[in-house]
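Written out below as structure tokens is the structure these notes cover.
Hydrogens, waters and symmetry mates are skipped; everything else that's a heavy atom, side chains included, is used. Bear in mind the structure is a predicted one, so any value in this text is a computation, not a measurement.
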Amino acid sequence: MSRRAPTLEDVAREAGVSRATVSRVVNGIRNVDPEIQELVRRAIGRTGYAPNRAARSLVTRRTETVALVVSGAGDTSDAGQNAFAARVFADPFFGRVVGGIVGFLRPRSLHPVLMFAESAEAREEVLTYLRQGRADGALVVSTHSDDPLPALLADARLPAVLFARPSRPVPLSYVDLAHRDGAHLAAEHLLARGCRQLATISGPLDVAASQERLAGFRDTLARHGHPYVPVAEGGFTLDSGIAAMADLLDRHPGTDGVFAANDLMAQGACQVLRERGRRVPEDVAVVGFDDSSIAVTCRPRLTTVRQPVEEMAARMARLLDEHLQGVRTEVTSVVFEPELVVRESA
């Protein structure tokens, strides 16, 4: 004979509290003393009670799922959409974002649903998904400065939080990094090493973070009497870093210091320098950005500007949860500070 599934009454009996108190704890209602919450959670563990998600949703009006939306603009053909997804999954940055979000959501029994929004049709699917209540809200990572999705979400009054400040102001909360300050750290470090013929590999210049990093690097060098900085635009990929570094060396063979706007491109730069017989950092110093796993597998290991992606992603998820619970009613911004991590490349 099958064993009867534990009920709220069983948990209440085990914890020595009322059924109503157990219900409030299970449904995440906050007016319960923390000690009693812990008592109930232990009783849940001992009894093996599992809340009925459908019943819980009727009480909380939440689905316990969150849409993780990677949004951008570009080729809307099937091949283009597949390429967009492939680029996302190939970038270690996205893996760190997911890790930070899941690290916050899982202990709270919340679950992400991955969605892509690289076309008008896909963006409408996201809006419909949220309007139908199939997810409680959205965590949005935009890959393009002209991305219309943040404004569409704001106009529809759908709960959402953005990773990175939107290029056009919208009434949505966001987390971001002080990108100019990070580029300033890179420039000061290269100058302190004695580099005088500096160049940079920027990210795509239709991305706000790329623009900010380039501006921060240029501004700092200008303050030190360097009015012109050669720039090669990359695409945040290894191959684009290789192409950009080759271009810089062809145009400016005396380059002795390079700032790459992410670690993948810095790795590509190191590869080209090695192939051209340039020692890193003795002949050319290289500084990356992100402090991703690439930074420690690259040879030499990368000096880089750390972006605390996991912490930023977790804060983004926390902000959305606070909006959904009504704890936070006003939109807000959280800007993290970068940090220079010195290794062998510079």
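Val286 and Leu191 fall into different hydrophobic clusters, where Ile, Leu, Val, Met, Phe, Trp and Tyr are joined by side-chain heavy atoms under 4.5 Å apart, directly or via other members. Under the 4.5 Å side-chain heavy-atom criterion for Ile, Leu, Val, Met, Phe, Trp and Tyr, Leu139 and Val331 are members of distinct hydrophobic clusters. Residues Met245 and Leu214 are members of separate hydrophobic clusters, defined by side-chain heavy-atom contacts under 4.5 angstrom among Ile, Leu, Val, Met, Phe, Trp and Tyr. Follow the hydrophobic side-chain contacts under 4.5 Å out from Ile201 and you never reach Val231; the two are in separate clusters. Hydrophobic clustering of Ile, Leu, Val, Met, Phe, Trp and Tyr side chains at less than 4.5 Å, counting indirect connections, unites Leu8 with Leu39.
With rounding to the nearest 0.5 Å, the separation of CG in Leu185 from CZ in Phe289 is 8.5 Å. To the nearest 0.5 Å, the span separating CG on Leu190 from CG on Leu221 amounts to 8.0 Å. The distance from the CG atom of Asp263 to the OG1 atom of Thr304 is 3.5 Å, given to the nearest 0.5 Å. Distance check, rounded to the nearest 0.5 Å: CZ of Arg19 to OG1 of Thr7 gives 8.0 Å. Interatomic distance, CG of Leu205 versus CZ of Arg213, reported as 12.0 Å (0.5 Å rounding). Interatomic distance, CG of Leu340 versus CG of Asp181, reported as 12.5 Å (0.5 Å rounding).
Under a 3.5 Å cut-off, the side chain of Asp256 and the backbone N or O of Gln197 do form a donor-acceptor pair. Using modelled atom types, no side-chain atom of His111 and backbone atom of Thr65 make a donor-acceptor pair closer than 3.5 Å. Distance alone, capped at 3.5 Å, is enough to place a donor-acceptor pair between the Thr200 side chain and the Phe259 backbone. Without hydrogens or angle criteria, Asp176 side chain to Val335 main chain gives no donor-acceptor distance under 3.5 Å. Proximity of a side-chain donor or acceptor of Ser71 to a complementary backbone N or O of Ala117 within less than 3.5 Å is detected. Judged by distance alone, with hydrogens and angles left aside, the side-chain atoms of Arg278 form no donor-acceptor pair with the main-chain N or O of Glu275 at under 3.5 Å.
The only member of Leu302, Val284, Val258, Ile242 that meets side-chain contact (heavy atoms from CB on, under 4.5 Å) when paired with Cys270 is Leu302.
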Check against side-chain contact (heavy atoms from CB on, under 4.5 Å), Thr128 and Glu125: CA-CA 5 Å; Thr128 300; Glu125 287 179 3; 5.8 Å; no

Residue pair Ser292, Arg96: steps toward the side-chain contact (heavy atoms from CB on, under 4.5 Å) verdict: CA-CA 8 Å; Ser292 65; Arg96 295 176 67 193; 4.2 Å; yes

Stepwise side-chain contact (heavy atoms from CB on, under 4.5 Å) check, His184 with Asp219: CA-CA 8 Å; His184 168 79; Asp219 288 351; over 6 Å; no

Stepwise side chain to side chain donor-acceptor pair (under 3.5 Å) check, Ser119 with Glu121: CA-CA 5 Å; Ser119 66; Glu121 181 182 2; 5.2 Å; no

Test side chain to side chain donor-acceptor pair (under 3.5 Å) applied to Gln211 and His179, step by step: CA-CA 9 Å; Gln211 298 166 8; His179 295 282; over 6 Å; no

Pair Ser202-Phe217, side-chain contact (heavy atoms from CB on, under 4.5 Å): steps then yes or no: CA-CA 10 Å; Ser202 76; Phe217 192 69; over 6 Å; no

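Residues Leu177 and Pro338 share a closest heavy-atom pair of CD1-N, 3.9 Å. Taking both residues in full, the closest heavy atoms of Thr237 and Leu264 are given as C-CB, 4.2 Å, listed atom of the first, atom of the second, then distance. Cys195 and Ala285 make their closest contact through SG-CB, 4.0 Å (heavy atoms, listed as atom of the first residue, atom of the second, distance). Shortest non-hydrogen contact noted between Gly288 and Ala266 is CA-CB, 3.9 Å. Contact record, Arg168 with Asp147: NH2-O, 4.4 Å, taken as the closest heavy-atom pair. Leu105 and Ala317 make their closest contact through CD2-CB, 4.3 Å (heavy atoms, listed as atom of the first residue, atom of the second, distance).
The closest side-chain heavy-atom distance from Val11 to Pro6 is not below 4.5 Å. In this structure, Leu68 and Val98 have side chains that are in contact, with non-hydrogen atoms separated by less than 4.5 Å. Looking only at side-chain heavy atoms (C-beta outward), Met316 and Leu319 stay at 4.5 Å or farther from each other. Looking at heavy atoms from C-beta onward, Leu320 lies in side-chain contact with Pro159 at the 4.5 angstrom threshold.
Sequence neighbours left out, the pairs with a member in residues 233-251 that pass salt bridge (charged side-chain N to carboxylate O under 4.0 Å, His left out) are Asp247-Arg251, Asp250-Arg276. Sorted by first and then second residue, the salt bridge (charged side-chain N to carboxylate O under 4.0 Å, His left out) pairs with a member in residues 281-293 read Arg279-Asp283, Asp291-Arg306, Asp291-Arg343; sequence neighbours excluded.
The hydrophobic cluster containing Leu130, built from Ile/Leu/Val/Met/Phe/Trp/Tyr side-chain heavy atoms closer than 4.5 Å, also comprises Val69, Val113, Met115, Val126, Leu127, Tyr129, Val140, Leu149, Leu152, Leu153, Leu158, Leu162, Val170, Leu172, Tyr174.
Remark: Arg131 engages Glu124 in a salt bridge, criterion side-chain N to carboxylate O under 4.0 Å.
For the residue pair His189 / Thr303, no side-chain donor-acceptor distance below 3.5 Å is found, with atom types taken as modelled. Between the side chains of Asp10 and Thr47, no donor-acceptor pair is found at a separation under 3.5 Å.
Atom CZ of Arg165 sits in a sparse spot, with 12 or fewer heavy atoms from other residues, nucleotides or ligands closer than 6.0 Å. Crowding of Gln132 atom CD: a count of heavy atoms from other residues, nucleotides or ligands under 6.0 Å exceeding 12. By the 6.0 Å contact criterion, CZ on Arg42 is open, its count of non-hydrogen atoms from other residues, nucleotides or ligands being 12 or less.
Ring centroid separation for the pair Phe163 and Phe93 comes in under the 6.0 Å cut-off.
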